[in-house]
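Heads up, the thing below is written out as structure tokens.
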Amino acid sequence: MNKTVQNLIGKMIVSCQAYEDTPLYGPDYMKAMAESVLLGGAEGIRACWPQDIRAIRSICQKPIIGIYKEYKQGDPLDQVFITSTFEQAKAVIEAGADILGMDCTIRKSRGLSELLELLEKIKEAYPHVPIMADLATTEEGIRLAESGLVDIISTTLNGYTGESLADKGEEPNCRMVRELKQHISLPVNAEGRIWTLQDLQAVLEAGADMVTIGTAITRPHLITERFLKAYRQAAV
């Protein structure tokens, strides 16, 4: 197992991301966000876009999982939007990411063979960089693990594709974590809809080797919306 991957086993990663339509967008804000979660004890950072990765790298000795998000026109359920090209992978790695995060879902717009070709090209160019496969279903996890081209299987995109839309809810998909642990030997990263300490405990009990938490820590406007929704429901 890659040493960087090994060092994340049993650890918590925090995703520090912000979009253009939010006040915290930009590398300076994400650098400060990363400093804050590292101060709290985060053992890894997941960061988006080269400029943010470079800024965080300047203050972070922990592993950085780098991604590149690009949203395109078309059906969002059939859209590959996390590090979908070699050029994006190159930019993320050369900005300082230790691990490359990629959308490795199998969709109508990009089948398995095309995905494997991309993974092979990245592995040939950057053999020392582990790849975290962001996936939506257990079946995808099994296929990608069997390919030998990825190093971590992650539940990141469960609920965000047509095949997994029925799984989307308020809680993390512990069933998917358990199924992956039963069928593959690669480390499993639990990510998505982990809002509470109970959610965290649930994915750990399901067998997650590492956990990534994002919105519940680093997106204040969505945290506020969640509390406000609960407040209004309680006040009725």
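Model, not experiment: these values are computed from the prediction.
For L24, the side chain to side chain contact (heavy atoms under 4.5 Å, CB included) test picks out A18, Y29, M30, M33, P220, with sequence neighbours left out. In this structure E43 satisfies the salt bridge (charged side-chain N to carboxylate O under 4.0 Å, His left out) test together with K62, sequence neighbours excluded. Shown here are the side chain to side chain contact (heavy atoms under 4.5 Å, CB included) partners of S36, two or more places apart in sequence or in another chain: there are none. By the ring pair (Phe, Tyr, Trp, His ring centres under 6.0 Å) test, Y71 pairs with F81, sequence neighbours left out. Residues satisfying the side chain to side chain donor-acceptor pair (under 3.5 Å) criterion with R57, sequence neighbours excluded, are D98. With sequence neighbours left out, the side chain to side chain contact (heavy atoms under 4.5 Å, CB included) criterion links E35 to K31, I59. A search for salt bridge (charged side-chain N to carboxylate O under 4.0 Å, His left out) contacts involving D199 returns nothing, not counting sequence neighbours. Remark: K108 engages D78 in a side chain to side chain contact (heavy atoms under 4.5 Å, CB included) (not counting sequence neighbours).
When all heavy atoms of G159 and L165 are compared, the closest pair comes out as O-CD1, 3.6 Å. Minimum interatomic distance between P187 and D209 (heavy atoms only, all atoms of both residues): CA-OD2, 3.3 Å. The nearest pair of heavy atoms linking I153 to G141 is CD1-O, 3.8 Å. Across every non-hydrogen atom of E191 and S154, the tightest pair is OE1-OG, 3.7 Å. Heavy atoms only, all atoms of each residue included: V177 and A190 are closest at CG2-CB, 4.2 Å.
Of the possible donor and acceptor atoms, one in the side chain of T83 sits under 3.5 Å from a partner among the backbone N and O of G101. A distance-only check finds no donor-acceptor pair linking the side chain of S164 to the backbone of D167 [under 3.5 Å]. Formation of a donor-acceptor pair under 3.5 Å by the R110 side chain with backbone atoms of T105 is found in this model. A donor-acceptor pair is defined here as one N or O able to donate and one able to accept, closer than 3.5 Å; no such pair exists between the side chain of E163 and the backbone of A136. In this structure, the side chain of T138 does not engage the main chain of L180 through any donor-acceptor pair within 3.5 Å. R107 places a side-chain N or O within donor-acceptor distance of the main-chain N or O of Q79, the cut-off being under 3.5 Å.
The CG atom of L118 sits 8.0 Å away from atom NZ of K121, with the distance rounded to the nearest 0.5 Å. Note that the CD atom of E205 and the CZ atom of R178 stand 9.5 Å from one another [nearest 0.5 Å]. Between I194 atom CD1 and M12 atom CE the span is 9.5 Å, to the nearest 0.5 Å. With rounding to the nearest 0.5 angstrom, the CG atom of N189 is 8.0 Å from the CG atom of D134. Going from atom CD of E114 over to atom CD of E117 covers 7.0 Å, rounded to the nearest 0.5 Å. With values rounded to the nearest 0.5 angstrom, I131 atom CD1 is found 7.5 Å from L149 atom CG.
When the side chains of ILVMFWY residues are joined at heavy-atom separations under 4.5 Å, either directly or via intervening members, Y68 and Y25 end up in a single hydrophobic cluster. Tracing side-chain contacts under 4.5 Å through hydrophobic residues (I, L, V, M, F, W, Y), one never reaches M102 starting from V80; they form parts of separate clusters. One hydrophobic cluster, built from ILVMFWY side chains closer than 4.5 Å, holds both I56 and Y19. The cluster map of Ile, Leu, Val, Met, Phe, Trp and Tyr, joined by side-chain heavy atoms under 4.5 Å apart, puts I122 and L144 in the same cluster. Under the 4.5 Å side-chain heavy-atom criterion for ILVMFWY residues, a single connected hydrophobic cluster contains both V150 and F86.
Within the 4.5 Å cutoff, the side chain of K72 has heavy atoms near those of the S84 side chain.
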Assess the residue pair I67 and Q17 against the criterion (side chain to side chain contact (heavy atoms under 4.5 Å, CB included)); give the C-alpha distance rounded to whole Å, side-chain angles, the decisive distance to 0.1 Å, and a yes or no.
CA-CA 10 Å; I67 63 174; Q17 298 180 48; 3.7 Å; yes
Before you tell me yes or no, could you show the steps for T218 and V14 under side chain to side chain contact (heavy atoms under 4.5 Å, CB included), namely the whole-Å CA-CA distance, both residues' side-chain angles and the distance that decides it to 0.1 Å?
CA-CA 8 Å; T218 58; V14 177; 3.7 Å; yes
Would L115 and C104 count as a side chain to side chain contact (heavy atoms under 4.5 Å, CB included) if you check the C-alpha gap in whole Å, the side-chain angles of each, and the deciding distance to 0.1 Å?
CA-CA 7 Å; L115 169 61; C104 290; 4.0 Å; yes
Apply the test side chain to side chain contact (heavy atoms under 4.5 Å, CB included) to residues C16 and V37: give CA-CA distance (whole Å), side-chain angles for both, the deciding distance (0.1 Å), then the verdict.
CA-CA 9 Å; C16 298; V37 301; 4.0 Å; yes
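More than 12 heavy atoms of other shown residues, nucleotides or ligands fall within 6.0 angstrom of atom CG in L228. Residue R143 places its CZ atom among 12 or fewer non-hydrogen atoms of other residues, nucleotides or ligands, all under 6.0 Å distant. Surrounding CD of E87 are more than 12 heavy atoms belonging to other residues, nucleotides or ligands, all under 6.0 Å away. The number of heavy atoms from other shown groups lying within 6.0 Å of CD (E171) does not exceed 12. Summarising the local packing, NZ of K181 is surrounded by more than 12 heavy atoms from other residues, nucleotides or ligands at distances under 6.0 Å.
Within the structure, the ring-ring contact (aromatic ring centres under 6.0 Å, His included) test picks out no pair touching residues 172-211 (sequence neighbours left out). Among residue pairs with one or both ends in residues 157-182, none qualify as ring-ring contact (aromatic ring centres under 6.0 Å, His included); sequence neighbours excluded.
Of the candidates T155, N173, N158, N158 is the only one forming a side-chain hydrogen bond (donor to acceptor under 3.5 Å, both in side chains) with R193. No option in T4, L100, N2 other than L100 meets the side chain to side chain contact (heavy atoms under 4.5 Å, CB included) test with V129.
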Please tabulate, one pair per line, all N/O donor-acceptor pairs under 3.5 Å involving side-chain atoms of residues 229-236, not counting sequence neighbours.
none

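Under the 4.5 angstrom side-chain criterion for Ile, Leu, Val, Met, Phe, Trp and Tyr, the cluster partners of I65 are M1, V5, L8, I9, I13, I99, M132, I152, M210.
E225 and R219 are not joined by a salt bridge, as no carboxylate oxygen comes within less than 4.0 angstrom of a charged side-chain nitrogen. A salt bridge links D151 with K123: the closest approach of a Lys/Arg side-chain nitrogen to an acidic carboxylate oxygen falls below 4.0 angstrom.
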